[in-house]
Amino acid sequence: MVKIAPSILAADLLDIKNEVINVDDAGAEFIHIDIMDGHFVPNLSFGYNMVKTLRPITKKILDVHLMISPVEPFIKEFIDAGSDIISFHPEADKNTKEIISIIKKSNCKVGIAIHPNIKIEEIKEFLNDIDLVIIMTVIPGFGGQKFLEDQVQKISELKEIRKNINANYEIEIDGGINYQTSKICIDKGADILVAGSYVYGASKEEYKDKINSIRHLT
Ligand code: DX5
Ligand code: ZN
């Protein structure tokens, strides 16, 4: 079954504690936390304090997506804040290898996020060392954008490489996920789907139905 990671970027921040508890109760496996710095992406969101704040209220996987540059100076804070997985964009820092190794030495898992302009070839050298690949199906920076369908071929590419090099990263799709686009990703073999506006755009009574609908189990 595909795992679902609601993105709190689209949550009601005045009620963030319940927004996380509600998707947790609704069966989400991950909580996706988008960190934006107004530099790597043209928008600001949260810092590591958000991770620290949410840590005590859920046992679900805190899936931290860093859209910041540089990355390395902030890694320790995100580890100490209680992240379960930290993903970053390799073009945002020259020390990709070093960052992967710092995260792996802690109790955290590590992921690489691929901007739509980046080819799989460009991150291939890291694929043996990581736990997660995030394929961006929107230009990073904002929730609520249209799904870039030309990116889904990267799912097949990554599955093929995973088999060939005997790696075990999971494949997560981030951006523009809804009832229709989730089906496309699942058919290609995605392991995890991030959903911001599709889940949090509904009323809280509907979170469970929304999450289940993008699993396409029936
Ligand atoms: C975009 C973020 C996404 C975003 C997804 O930069 O990385 O995680 O929150 O939001 P939706 O699901 O609304 O496209
Ligand atoms: Zn994200």
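Order of appearance sets the numbers: ligands from 1, and atoms from 1 within every ligand. Owing to the predicted nature of the structure, the values given are computational and were not obtained by experimental measurement. Below, all heavy atoms of this structure are taken into account, side chains as well, without hydrogens, waters or symmetry copies.
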*For atom 3 (C) of ligand 1, grab the closest protein heavy atom and report residue, atom and distance to one decimal in Å.*
Asp174 OD1, 3.0 Å
*Cationic tip of Lys97 above Phe126 ring, under 6.0 Å, 45° of axis*: no
*Gly144, any N or O under 3.5 Å of ligand 1 N or O*: yes
*With a cut-off of 2.8 Å, which protein N/O/S atoms are close to the Zn ion (ligand 2), if we only count those under it?*
His32 NE2, Asp34 OD1, His65 ND1, Asp174 OD2
*Sub-3.5 Å donor-acceptor pair from the side chain of Arg162 to the main-chain atoms of Tyr169, do we have one?*
yes
*So, the side chain of Lys3 versus the backbone of Ile192: is there a donor-acceptor pair under 3.5 Å, distance only?*
no
*Do Val194 and ligand 1 have an N or O pair less than 3.5 Å apart?*
no
*Do any nitrogen or oxygen atoms of Gln145 come within less than 3.5 Å of a nitrogen or oxygen of ligand 1?*
no
*Looking only at heavy atoms, is any part of Ala10 under 4.0 Å from ligand 1, and if so is it the side chain, the backbone, or both, or is it neither?*
neither
*Between the main-chain N or O of Glu98 and the side-chain N or O of Asn95, is there a donor-acceptor pair closer than 3.5 Å?*
no
*Side-chain donor or acceptor of Asn22 paired with backbone N/O of Asn18 under 3.5 Å*: yes
*Report the nearest protein non-hydrogen atom to atom 4 (C) of ligand 1: residue, atom name, distance rounded to 0.1 Å.*
Asp34 OD2, 3.7 Å
_Polar side-chain atom of Thr137 near backbone of Gly175 as donor-acceptor pair, under 3.5 Å_ = yes
*Proximal candidate to atom 14 (O) of ligand 1 [heavy atom criterion; set Gly141, Gly176, Ser87, Pro140]*: Gly176
*Any idea which atoms of ligand 1 are less than 4.0 Å away from a heavy-atom of Met36?*
6 (O)
*asked:* With a 3.5 Å distance limit and no angle check, can you tell me whether Glu19 reaches the backbone of Asp12 through a side-chain donor-acceptor pair?
replied: yes
*Below 4.0 angstrom from a heavy atom of Phe142, which ligand 1 atoms are there? Numbered from 1 as shown, please.*
1 (C), 6 (O)
*Indicate, as side chain, backbone, both or neither, the part of Ser197 found under 4.0 angstrom from ligand 1 when only non-hydrogen atoms are considered.*
both
*Quick one: does ligand 1 sit under 4.0 Å from the side chain of Tyr198, the backbone, both or neither, non-hydrogen atoms only?*
neither
*asked:* Could you go through His216 and Tyr179, starting from their C-alpha distance and side-chain angles, then the distance that decides it, and tell me whether this counts as ring-ring contact (aromatic ring centres under 6.0 Å, His included)?
replied: CA-CA 8 Å; His216 294 272; Tyr179 183 69; 4.6 Å; yes
*Short question: side chain of Glu122, backbone of Lys119 - any donor-acceptor pair under 3.5 Å?*
yes
*Without swapping roles, check the side chain of Lys104 against the backbone of Asp129 for a donor-acceptor pair under 3.5 Å.*
yes
*Look only at the side chain of Asp131 and the backbone of Val110, and say whether a donor-acceptor pair between them is shorter than 3.5 Å.*
yes
*Any idea which protein heavy atom is nearest atom 10 (O) of ligand 1, and the distance to it?*
Gly143 CA, 3.6 Å
*Which heavy atom of the protein is the closest neighbour of atom 12 (O) of ligand 1, given with residue, atom name and distance?*
Gly196 N, 2.8 Å
